[in-house]
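Let me begin by presenting the structure, written as structure tokens, before commenting on it.
Hydrogens, waters and symmetry mates are skipped; everything else that's a heavy atom, side chains included, is used. Quick note: residue numbers are just sequence positions, from 1.
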Amino acid sequence: MADDLNDDDFDSNSPSSTNSSTASEMATLQHPPFQKLVPPLNFCPVEDQLYRSGQPTPINFPFIADLRLTAVIWLELEEPSEAFVRFTRANAIQIHHLGIESGADVENDEVDADASIRSSGRHPRSTNPWDQLPESRIVRALDIIAHKDNYPLLVCGGMGRHRTGTVIGCLRRVQKWNLASVSEEYRRFAGSRKRVLIELHIEAFDTNSVRIDQQVAPPFLLY
């Protein structure tokens, strides 16, 4: 009976052999990637190489590493998490902490104080996370955004809603967006927690306080 079998029965190109090989390959492809890329809360591109988000956590670090950031604008009063600080140091990412309002940081070149504050040597300290960003902080953030050497750049803080939304909203004002579009973008990230005072703050922002240097500005600010 064995003599009745011929070589064709064991052909590696036979349908049964091919199906077995394909099934094996499919099983291999179904395995998840070794490294998961998870974006931070409220992450979104704003412009080319400019991003916004809430505070990244360790699960987000592989995703953030892929952005190859040069700098981060941190907008909260409190310091970013120790894990995030360690991550930025390990990846040579500069943090601009613009939420600081303590007198100890007056001389820090990352925190520009008003002339009146410099003369007194003290900052009016605020510990209320509901406080809006002062215009001087917004202008400082936009100055950083307006320099292409800081890119790729991430603007973030807390949940990435209000303070982040304020800076991005004022950027849109500088870009001459209409107010309806600016408000729509802010509300998209703030959701049900939107604050009318934030929208009024953005609307009242003096766009003339931002100086755009055509030699160093990113393309989206050239007009």
Measure across [X] and [Y] and return the closest heavy-atom pair with its distance rounded to 0.1 Å.
X	Y	answer
F63	P40	CD2-CD, 3.9 Å
F87	A65	CZ-N, 3.8 Å
I145	V167	CD1-CG1, 3.9 Å
A141	I73	O-CD1, 3.7 Å
L222	A217	CD2-CB, 3.8 Å
H162	R193	CE1-O, 2.9 Å

Spatial distance of atom CD (Q215) from atom NZ (K148) [nearest 0.5 Å] =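 Rounded to the nearest 0.5 Å, the CD-NZ separation comes to 8.0 Å.
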Taking the side chain as every heavy atom from C-beta outward, state whether F84 and N60 have any pair of such atoms under 4.5 Å apart.
->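 Contact flag for F84/N60 side chains = no.
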Are D48 and P219 side-chain neighbours, meaning at least one heavy-atom pair lies under 4.5 Å?
->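 No, every pair of side-chain atoms sits at 4.5 Å or beyond.
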Taking it one step at a time, do V210 and F205 satisfy side chain to side chain contact (heavy atoms under 4.5 Å, CB included)?
-> CA-CA 10 Å; V210 181; F205 178 70; 3.7 Å; yes
Apply side-chain hydrogen bond (donor to acceptor under 3.5 Å, both in side chains) to E47 and Q175, showing your working.
-> CA-CA 11 Å; E47 295 287 352; Q175 292 179 284; 3.0 Å; yes
Apply side chain to side chain contact (heavy atoms under 4.5 Å, CB included) to the pair R195 and Y186, showing each step before the final yes or no.
-> CA-CA 10 Å; R195 300 174 186 169; Y186 164 71; 3.8 Å; yes
Look at the side chain of N150 and the backbone N and O of I144, then say whether any donor-acceptor pair between them is shorter than 3.5 Å.
->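 Here the side-chain-to-backbone pair exists.
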